[in-house]
Structure formats: C-alpha cells, structure tokens
Amino acid sequence: MLAAQDRAARMKGEVRVITQEIWADVLGYVRKNISEVEYHTWFAPVKNLGVQDGALVIGVRNSFAQEWFRKHYLELLEDALRALGAQNPQVSFQVLPAAQDALLLPSDPPPGRPPGRPPAGGPPAGLPTENRKTLNPKYTFENFVVGPNNNLAHAAALAVAESPGKAYNPLFIYGDVGLGKTHLMHAVGHYIMERFPEKRIEYVSTESFTNELINAIRDDKTTQFRNRYRSVDLLLVDDIQFLAGKERTQEEFFHTFNALYENHKQIILSSDRPPKDIQTLEGRLRSRFEWGLITDIQSPEFETRVAILKMNAEHNRIDIPQEVLELIARQVTSNIRELEGALMRVVAFASLNSVPFSRAVAAKALSNVFAPQEVKVEMMDVLRSTAAHFNMPPDVIRGSGRVREVVVPRQVAMYLIRELTDHSLPEIGQFFGRDHSTVMHAVSKVTEQLGKDPDLTASVDALRRHLQDVEDEENDT
Ligand SMILES: Nc1ncnc2c1ncn2[C@@H]1O[C@H](COP(=O)(O)OP(=O)(O)OP(=O)(O)O)[C@@H](O)[C@H]1O
C-alpha cells in the first residue's frame, strides 16, 4: 500500500518534505568540510526545498549560483547525504523566485547546529526580547513525554512552574547526557513566561556563565554582570557540574544564588550528577544546592522511547508504522538525543532512497551507526499472520471469546510466538491479556496435537513458513 503510494507520488513528481533536522545535518557536514568564508558566501543563503524524484532539491538565488553549486559543491553535498545513509544520493539545484528567496530564508535553521538541538525560534510576540532568545521553543511541557524514568522530575518542575520561588528552591535535576534536563528547565521557563510575560528569565550554561564572568573581569564590567544575574525572576543554569574546580566562578555564583534566594526568586540547576558527587565544589555551595529538591532522570524504558519517537514523527508530520518506531527504540536505549537522531536517519534514508518506511529499511539506515540488528519476527507479526490465515480480525483472537473457532487460532498464535520470538511466557500472556499459565497450556496443547490433527498441523506449518520467509526477506532487503 505504502509502496504504491510512494510510486504514485514519485510519478507525479511530488515533493517529500525533508525535515529541518536532516537539513541541519547536511549543512553541518558541509560546514566541516569548507572554510567559514566559503560557507557563509554560498551556503548561508540557500534553501532546502525537499526531496523530489529521489533528489534533494536545493534552492539557490540565481543561475550563476546554480552553475557554481553544480561545479563546486555537488560532490560534497552527495557525500553529506551518503553520510546520512543515502545509498544513491542525488542533488539538484533550482533557482528560487526572487520573492520566495526573500521570504523563506529567515526561517532556515542556523547552520552548523548540532543534531537534535532544534533552532531557538519565535515564541509568542510581545515578550521581553531576552526571554525570546533564551528558550528553545520545542522544550515545553506539552512536548515532554512523561514516563516512569522522569515522572518525579516532571512533577517537581511542574510544581515549580506553578509556584516559582515557593515550591522547591533550588530545584536540582540530574541525570546522564541527553535525557531531558534542559528540556524540563526550559519548560518551566515557557510556562512562567506565558503566565507572567513581565518576569525576567535567564537561561545560561555554566560554561557561558564562566566565560561571561571572565570577560566581565577583563573589561571591568563585573557590576553589570552581577546586576544582570541578580535581577532575574527565574535563573536556569545548565551543567552546574562544570563549576567544579573554578573557584572564582563558584564565589560569584554563590553571591548570585544568595541574592536570588533571599528575594524568593526561583533557581533551577541541572547536572550530570548529584551535588554530593561534584568534586571540588565548595561546601557552602553544595549545601545550598541541597536546600531545595534534588531529583533525577533515568534512561527511558522501551514504551517511553516509542512514545517519544511517535511524538517526534507526528511533529514532523511523518507517518511511520509502529513496528518501525519500535525497531528504532530497541536500537537506541539510553540517550534521547541519539534516539531522535536515529529517527531522523531513518527518515533521511527512506526519503533520499524513495523507499517506504519498513523495519528492514530502518535496520539498514541505522546499521552504519549502531550494531546491525537482525529483523526478527515480532508478536504482532505472528498475530496478524495468524488472523489472516484463519480469516478473522486480530482483535478477536486477542479478545475474550472462548469458542473453538477463536481458541484454536489463539493457541496457534501463542505457540508460534513462543517458537519464533524471544518473548517470555509472561510477556506473551500480557500481549494476549492473559497470564503465563494460559500460554503454557496453549503451547503444550498445540505441541500435543501436532502430527495428530492434520488441519492444525497444516496451519502451523504454513504460518511458520510464511513468517520465516518474511523474516528472511526483510533481512535480505
Ligand atoms: N521526556 C521527553 N520527551 C520528549 N523529548 C525529550 C524527552 N526527554 C528528552 N527529550 C529530547 O531529547 C533531547 C535531549 O534533551 P536535553 O537536551 O534536554 O537533554 P539533557 O539531559 O539536558 O542533555 P545534556 O546533559 O547533554 O545537556 C531534546 O531534543 C529533548 O527535547
């Protein structure tokens, strides 16, 4: 079905959207390979026009630029696409109509942005300008998937957003790289910004705070520096573990902290470890970090990872089958930034090779980056095939019906899942809404009947062959 749609789209020459993330990766690759001057001269003004007939179409300002790009940058752009997983990368250049050129360029992402970090863009009009540039528009509570790994941090952040300076001060969020600490901090910022547009919000990484302080000392502007940070209503400081060993910065931050705290201004800190594990952090700072609430974010479980992928796909208006999202979620288990990167790779791969999304395509797209994963038959595949074989809807097989016409297909499906997948009896039971003893019974029942009941034996054999063929085909694609 998808393949047919895809072919039709190609025949009509329809444009497939290429997401900002992929485009940012292409530009990032180019930028690493040419000089800054060259990049700004040629690449800053171009526009991503999507994928048409399997080729990435790049909008350029005039025919001179078109020719120049063909001669000088075609190979580099093809290499960039290859690095993203395109097997037979193609690029074409199209001259932009003057008006489109003028209108579209400002919305492009800033070049060279690291993958997975969307561009800071335009929050609602009428807000103080410093807030606008501070917060990433994607990092809101609505865009944050809550799971068992982060629900405490999420609840704490929400409480702080509702009662800044009163609920928990400071709020200290820690966890490994790419698990959503910055996202949650910004979400609090957005929440407060929407309700109290006059509030001053400052987001700063510890590294920037340190550099700004060094510059302020050098330029004799420490008073301005202090005024800036001590006059905010909400201070968000990322990666506070980098304060370790920086005595002068710790001293300055200590006074900033006190000034804000005494005035009941909210402080949120993020770190890759809890305060007690930050070495060479002054005791007085460590104890202050422990005054409020310390909460952590863990790696997301499978279901949360799938939900995050689903939300990302929906945001980008990309329709990806559930089983493909599940395959991606199995490949990337700890870092959400990498998880999002993997999704974009799969999207880029499918888009640039003009193939529909399938598990085999996803496995291939990710094979350069992650250990290749064999595409295995899943419970849902067995259920669907069994349902088709017995000519009944999958939900009926999983339902509560106890008549023989339903019970036999259910037992066959359970038996084949046990045989062809690595799932445990309780997992299979859960999939069918039953307990493991029911599955055990089904497996022994079918085992016992095989060879004796010709119909049942023929069904199991046919289904097994069919499912193994699907697996082989997918792995050979
Ligand atoms: N629960 C979630 N729901 C949706 N997206 C999430 C979630 N957690 C993280 N992300 C996304 O994952 C990416 C990385 O998140 P973020 O930058 O907040 O991580 P971090 O913990 O601050 O990492 P670092 O330690 O590198 O600063 C972002 O694009 C963010 O939107």
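We count ligands from 1, going down the list as the structure has it; atoms in each ligand are counted the same way.
Taking 4.0 Å as the cut-off, G175 does not count as a neighbour of ligand 1 on heavy-atom distance. At least one heavy atom of V177 sits closer than 4.0 Å to an atom of ligand 1.
Applying the 4.0 Å criterion to heavy atoms of K138 picks out, from ligand 1, the atoms 28 (C), 29 (O), 30 (C), 31 (O). Residue Y139 approaches ligand 1 through these ligand atoms, each under 4.0 Å from one of its heavy atoms: 17 (O), 28 (C), 29 (O), 30 (C), 31 (O). Of all atoms in ligand 1, numbered sequentially from 1 with element shown, those under 4.0 Å from a heavy atom of L179 are 8 (N), 9 (C), 19 (O), 20 (P), 21 (O). Numbered from 1 in the order shown, with element, the atoms of ligand 1 that lie under 4.0 Å from a heavy atom of N150 read 1 (N).
In this structure, D176 has no salt bridge (Lys or Arg N to Asp or Glu O under 4.0 Å) partners at least two apart in sequence or on a different chain.
Nearest-heavy-atom check against atom 10 (N) of ligand 1 across I336, L339, I297 picks out I336. In this comparison of H315, K181, H154, the heavy atom closest to atom 21 (O) of ligand 1 sits on K181.
At least one N/O-N/O distance between V145 and ligand 1 falls below 3.5 Å. Annotation: G180 places an N or O atom under 3.5 Å from an N or O atom of ligand 1; distance criterion only. Ligand 1 has an N or O atom lying under 3.5 Å from an N or O atom of H183, backbone or side chain.
For the pair R284 and F254, the distance from NZ or CZ to the six-membered ring centre is under 6.0 Å and the angle to the ring normal is within 45 degrees. Cation-pi geometry between R345 and F349 is not met: the NZ or CZ atom fails to fall both under 6.0 Å from the ring centre and inside 45° of the normal. A cation-pi geometry, defined here as NZ or CZ lying under 6.0 Å from the six-membered ring centre and within 45° of its normal, holds between R31 and Y39.
Salt bridge R228/E212: present, at least one basic N to carboxylate O contact under 4.0 Å. Taking a cutoff of 4.0 Å between a charged side-chain nitrogen and a carboxylate oxygen, R248 and E252 qualify as a salt bridge.
Only the side chain of I308 comes within contact range of ligand 1, with a heavy atom under 4.0 Å; no backbone atom does.
The only member of S270, S205, S271 that meets side chain to side chain donor-acceptor pair (under 3.5 Å) when paired with D238 is S270.
Without hydrogens or angle criteria, N150 side chain to V145 main chain gives a donor-acceptor distance under 3.5 Å.
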